[in-house]
There are 2 protein chains.
Amino acid sequence: MAVTLKDVAALAGVSVKTVSNVVNGYSFVKPANRKLVEDALVATGYRPNIGARNLRRGRTGFFALMVPELGIPYFGELAAMIITAAHERDRNVLIEQTWGQRDLERSTLASLGPHLVDGAILSPEALEAEDFALLGPDVPVLMVGEHAVEARLDRVAIDNVLAARTAVEHLVRLGRRRIACIGENPRRGTSAMRLQGYREALADAGMPADAELVAPAVNYHRRDGAEAMRALLELPDPPDAVFCFNDMLAVGALRAAAERGVQVPADLAVVGFDGSEEGAYSTPTLTSIAPDKAAIAERAVERLTTRIDTGLPHESAFIQTPFVLEVRESTAGRRA
Amino acid sequence: MAVTLKDVAALAGVSVKTVSNVVNGYSFVKPANRKLVEDALVATGYRPNIGARNLRRGRTGFFALMVPELGIPYFGELAAMIITAAHERDRNVLIEQTWGQRDLERSTLASLGPHLVDGAILSPEALEAEDFALLGPDVPVLMVGEHAVEARLDRVAIDNVLAARTAVEHLVRLGRRRIACIGENPRRGTSAMRLQGYREALADAGMPADAELVAPAVNYHRRDGAEAMRALLELPDPPDAVFCFNDMLAVGALRAAAERGVQVPADLAVVGFDGSEEGAYSTPTLTSIAPDKAAIAERAVERLTTRIDTGLPHESAFIQTPFVLEVRESTAGRRA
DNA sequence: CTGAAAGCGCTAACAA
DNA sequence: TTGTTAGCGCTTTCAG
């Protein structure tokens, strides 16, 4: 069995309270006793039982992080940073994967509660507004990224409309005239805002909004990007540029272009979204909107911990984090 | 406050013992009482406090999973599957990232113990044999993947030597004559075995082992692969094939080849290791050794849970999982 | 078959 | 300042 406070107290010849005080860096402890306790602490190799502490304190010390899947580079990287930020505040993170399925997202929401986690960071994909009723009234949660649902929750994200506009304006400035987009999907929150930014940029440039250039995508995997791109390339008047709603779609689009012998960027400029490292090494390298993931992680964890510690109610604040457009080979130079 | 067992008992008009029995599906409960309790259960929306349960049971219900970083596709995907496998057994997973640094790996090892987790799955990168002394004597742990250290631990992995041989034999069969490798690193366990497989395959083919074709890599990121490949291409007699010790190195190598105008696979065949999805969409697509990650996750979690449940000591068994060679464009056809 | 009660390891009143 | 003690919510002997 592990060493307990009582064991340490016995060895040091003091009460558990004193040991507890020392362990928690509390109030004034007589120096002589402090020394005694510290020696006993190292002698026994004492380590607090986190579960017992949290039971007593009425919290668990855990966050839930709900994401579609860790195998997606964006979420793997984001999770990495959220875990790091949580550790800095002595919290641990439980990862719940939903594979973007609404039923799994719903059951994750329903399972959230004071019995298991103190709060949660959500990145839902298919949740509808009504689903948030599943959430207990006093479970502090917050969302990262854009989502279609209008929930009364704090949200940490970049300005997706602006980011999408930035991406498309970049293509306009390159002299591209038929700019497509890939990723339209009414059930995804990110889609709506990126589509809006796309449309705004075209409108600002006085370019027509051609419906056939808006390619839908059920999922946002590489495969989906490739399929959508193939369809676009088969158009009688194919696009000379494409804005993909994430990097995986863009990588798929690059793949489809390569298969058809379409030169990127000469015949087709491609912009992605996520700033994943994969895009920095693809052939050609990928221009992409790069959100500051570290900032998202930091702000989200910071917000959630203060929300938990203060016990204040939800506020549905929007915490905006920065992004940059990383220009790389896939949009290098003007149209040939 | 959340609903407790006592609340349910009060509502049902029975003792907590009876409620507990029902909740845990225990022994015989009088049907009338069972009904009473079940009604009270749904009426109150009772959810067990996992922390309290585990405190009482003397276990935490958590595993630790120590990996370099989740942002690396291989580990993101593996973690995804391990979490899934653990959930199926009512366990949760705490992820500890070490960024491949020995000191962080050491402190993770030292922090493992019955107070926080019931056991751990380790994927160390820099640990030395002596570091395992940091591990408490009764902490069930097991390793996934190959590692240089000779620890008395269970291990779940593919046959790395055979896998590496398979990769290189494939290049030999393609008619390649100067086969390089990237990833040599005396401090990494994976390196030693993959290098051995590489050497065995060359020896079997009656090909000389040219030291300048063995490119070291401090880390296994895309950047490192690109750097190593650039150096290889600057050799007076550059290689016509390269076996990279992971897919990220291989993607970097593809990048370097593209920069130099070296045609893959015509001038240079490239094989990776990991079977990551990124390689299935790179340009050209990447031939790779693909371990069955789902099998690794499943076997590792299964082994660890039985080890915990039975309380048996470590056994240093080697549990071997399958792999396949996925042949793609980067090695398509014979040398031009 | 069920109730009472002890106690997992810890923190925090409350006393001393 | 420090000791005593009562629980946090749960499981589990031990009686009944």
Side-chain angles (χ1 to χ4, degrees), chain A residues 1-38 40-41 44-62 90 113-118 136 138 308-309 311, chain B residues 1-38 40-41 44-62 90 113-118 136 138 309:
Chain A
M1 248 325 154
V3 182
T4 73
L5 263 195
K6 211 194 281 183
D7 300 331
V8 180
L11 181 63
V14 299
S15 78
V16 286
K17 178 58 165 49
T18 305
V19 180
S20 177
N21 282 342
V22 172
V23 169
N24 293 293
Y26 270 7
S27 52
F28 294 62
V29 177
K30 206 195 305 182
N33 276 341
R34 176 177 299 275
K35 180 83 176 68
L36 238 37
V37 171
E38 281 168 349
L41 245 22
T44 54
Y46 171 78
R47 308 204 130 258
N49 180 320
I50 311 293
R53 170 181 294 175
N54 289 328
L55 174 59
R56 181 60 239 238
R57 284 190 178 156
R59 55 191 191 75
T60 68
F62 291 106
D90 288 317
H115 50 286
L116 185 55
V117 295
D118 300 328
D138 19 59
I308 290 168
D309 292 343
Chain B
M1 241 356 184
V3 184
T4 74
L5 261 195
K6 208 194 283 184
D7 301 330
V8 180
L11 181 64
V14 299
S15 78
V16 288
K17 177 61 166 47
T18 304
V19 181
S20 178
N21 282 343
V22 173
V23 170
N24 293 292
Y26 270 6
S27 53
F28 294 63
V29 177
K30 204 196 303 185
N33 277 342
R34 176 178 299 275
K35 178 85 176 69
L36 239 38
V37 171
E38 280 167 351
L41 244 22
T44 55
Y46 172 78
R47 306 200 133 262
N49 180 318
I50 312 293
R53 171 180 293 173
N54 289 330
L55 175 60
R56 182 60 239 233
R57 283 189 178 159
R59 55 189 191 74
T60 67
F62 291 107
D90 288 318
H115 51 284
L116 185 53
V117 294
D118 299 329
D138 19 59
D309 292 344

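What you see is a predicted model, and the numbers here were worked out from it, not measured in a lab. Chain letters run A, B, ... following the sequence lines, proteins first and then strands; every chain starts at 1.
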Rounding to a whole Å, what distance do you find between [X]:[atom1] and [N]:[atom2]?
X: A:Asp7; N: C:dC8; atom1: CG; atom2: C1'; answer: 13 Å
X: A:Arg56; N: C:dG7; atom1: CZ; atom2: P; answer: 18 Å
X: A:Leu5; N: C:dT11; atom1: CG; atom2: C1'; answer: 9 Å
X: B:Asn49; N: D:dC10; atom1: CG; atom2: P; answer: 6 Å
X: B:Asn21; N: C:dC1; atom1: CG; atom2: P; answer: 11 Å
X: A:Arg34; N: D:dT1; atom1: CZ; atom2: C1'; answer: 12 Å
X: B:Leu41; N: D:dC10; atom1: CG; atom2: C1'; answer: 14 Å
X: B:Arg57; N: C:dA6; atom1: CZ; atom2: C1'; answer: 18 Å

Short side-chain N/O contact to [N] OP1/OP2 from [X], under 4.0 Å:
X: A:Ser20; N: C:dT11; value: yes
X: A:Asn54; N: D:dC8; value: no
X: B:Arg53; N: D:dT11; value: yes
X: A:Asn24; N: C:dT11; value: yes

With sequence neighbours excluded, tell me which residues meet side-chain contact (heavy atoms from CB on, under 4.5 Å) with A:Asn24.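 Once residues adjacent in sequence are excluded, the partners of A:Asn24 under the side-chain contact (heavy atoms from CB on, under 4.5 Å) criterion are A:Ser20, A:Tyr26, A:Arg53, A:Arg57.
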By side-chain contact (heavy atoms from CB on, under 4.5 Å), which residues pair with A:Leu41, not counting sequence neighbours?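 Residues passing side-chain contact (heavy atoms from CB on, under 4.5 Å) with A:Leu41: A:Val8, A:Val19, A:Val22, A:Val23, A:Val37, A:Tyr46.
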Is there a donor in the side chain of B:Thr60 and an acceptor in the side chain of B:Asp118, or the other way round, less than 3.5 Å apart?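 A donor-acceptor contact under 3.5 Å links the two side chains.
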List for me each residue that meets salt bridge (Lys or Arg N to Asp or Glu O under 4.0 Å) alongside B:Asp309, sequence neighbours excluded, and say none if there are none.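 By the salt bridge (Lys or Arg N to Asp or Glu O under 4.0 Å) rule, B:Asp309 matches B:Arg91.
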Return whichever of B:Pro31 or A:Gly51 has its heavy-atom-nearest nucleotide of DNA chain C closer to the 5' end.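 Its nearest nucleotide being more 5', the pick is B:Pro31.
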Could you list the residues that satisfy side-chain hydrogen bond (donor to acceptor under 3.5 Å, both in side chains) with B:Asn33, not counting sequence neighbours?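 With neighbours one apart ignored, the set is empty.
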Output all residues satisfying side-chain hydrogen bond (donor to acceptor under 3.5 Å, both in side chains) with B:Lys35, sequence neighbours left out; order by chain, then residue number.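 Per chain and number, B:Lys35 pairs via side-chain hydrogen bond (donor to acceptor under 3.5 Å, both in side chains) with B:Asp39.
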Approximate separation, where rounding is to 0.5 Å, of B:Thr18 OG1 and B:Leu5 CG: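 Answer rounded to 0.5 Å: 10.5 Å.
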What's the spacing between A:Phe62 CZ and A:Leu116 CG if we round to 0.5 Å?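 So the CZ of A:Phe62 and the CG of A:Leu116 are separated by 8.0 Å.
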Minimum heavy-atom separation for A:Ala40 to A:Ala12, with atom names?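 Shortest heavy-atom contact: CB-CB, 3.8 Å.
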What is the bend of the helix from C:dC1-D:dG16 to C:dA16-D:dT1 when you compare the axis at one end with the axis at the other, using five pairs each and rounding to 10°?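 Taking the rotation axis at each end, their angle is 40°.
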Filtered N/O pairs between nucleotides 3-5 of chain C and protein, under 3.5 Å:
{"unit_1": "C:dG3", "atom_1": "OP2", "unit_2": "B:Ser15", "atom_2": "N", "d": "2.8"}
{"unit_1": "C:dG3", "atom_1": "OP2", "unit_2": "B:Ser15", "atom_2": "OG", "d": "2.7"}
{"unit_1": "C:dG3", "atom_1": "OP2", "unit_2": "B:Thr18", "atom_2": "OG1", "d": "2.6"}

